[in-house]
Amino acid sequence: MSTTSVIYRHTSVYNLLMRGLYGRHYGARFEAIAALIPDGAEVLDLCCGPATLYTRYLRGKSVRYKGFDINERFVDRVVAAGGDGLVWNLREDTALPRADYVVMQASLYHFLPDPDPVVRRMLEAAREQVIIAEPIRNLTTSSNRTLARLSGRFTDAGEGAQAHRFTRDTLDRALARYADRIASTSLIAGGREQLYVLTPHPRAHVTSAS
């Protein structure tokens, strides 16, 4: 954890930065995911961060929540909030525990250049749906080189900085192999994130919104 960026070492700094990045759309990014999860569902939240999705948007729905993260401080927050937290390295090829809904928000880029192994394990674990929300407008891909370089320095969650990010096109291409599993796609958080809902079994139709 010695190389971990300051935003991942301090929950308050992490939350402050995320609020600054998303502005008035900060809450909407969580609300869009919470709206997909029914009361009492079993939720597995991967790269869960400081449990914001759970504490502010899901706990009141009496979900059975599991939050996995490589960051011990974030996992401690999950446990303190009443959820089930576990330190977990998703780069290891270990089967995930089963859950009704498997969620990953703003973290798929950590698995570039090939996110397929983790997406596959998410689908294997989900009984109902896999929910992936990923930023497609990022400071690290800014045309301003100084801003992009500075942003990239704060992306180390514990395994090295991750300067590469998805665009809408590259995210679509990365998930294109799951076209028969995609139930819906949409833009959320003022167009900053793209939301994918996938089913563990092939579907006949795909709907999309922009």
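Each residue takes its place number in the sequence, starting with 1. Everything numeric here is computed off the predicted structure, so don't read it as measured data. Just so it is clear, the values below take in all heavy atoms, side chains as well, and ignore hydrogens, waters and symmetry mates.
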Roughly how far, to the nearest 0.5 Å, is NE2 of His25 from CZ of Arg192? 9.0 Å
Residues two or more places apart in sequence or in another chain: which of them pass side-chain contact (heavy atoms from CB on, under 4.5 Å) with Asp116? Asp114, Arg177, Tyr178
My understanding is that only residues two or more places apart in sequence, or in another chain, count here; which of them pass side chain to side chain donor-acceptor pair (under 3.5 Å) with Tyr101? none
Under 3.5 Å donor-acceptor pairs involving side-chain atoms of residues 31-48, not counting sequence neighbours:
unit_1	atom_1	unit_2	atom_2	d
Glu42	OE1	Arg127	NH1	3.0
Asp45	OD2	Tyr65	OH	2.7

Please give me the minimum heavy-atom distance between Met122 and Ile132, naming the atom from each residue. CE-CG1, 4.0 Å
Listed partners of Tyr57 passing side chain to side chain donor-acceptor pair (under 3.5 Å), at least two apart: none
Please name all residues satisfying side-chain contact (heavy atoms from CB on, under 4.5 Å) with Asp172, sequence neighbours left out, ordered by chain then number. Arg168, Gln194, Tyr196
Taking only residues two or more places apart in sequence, or in another chain, which ones meet Ser62 in a side-chain contact (heavy atoms from CB on, under 4.5 Å)? none
Would a 4.5 Å heavy-atom cut-off, applied to side chains only, mark Asp93 and Arg121 as touching? yes
Before giving the answer on side chain to side chain contact (heavy atoms under 4.5 Å, CB included), spell out for Leu187 and Leu195 the whole-Å C-alpha distance, their side-chain angles and the decisive distance to 0.1 Å. CA-CA 6 Å; Leu187 293 176; Leu195 176 68; over 6 Å; no
What do the steps show when you test Asp84 against Arg64 for salt bridge (Lys or Arg N to Asp or Glu O under 4.0 Å), and what is the final call? CA-CA 8 Å; Asp84 183 5; Arg64 292 164 289 161; over 6 Å; no
If you compare all heavy atoms of Phe166 against all heavy atoms of Ala174, which two are closest, and at what distance to 0.1 Å? CE2-CB, 3.9 Å
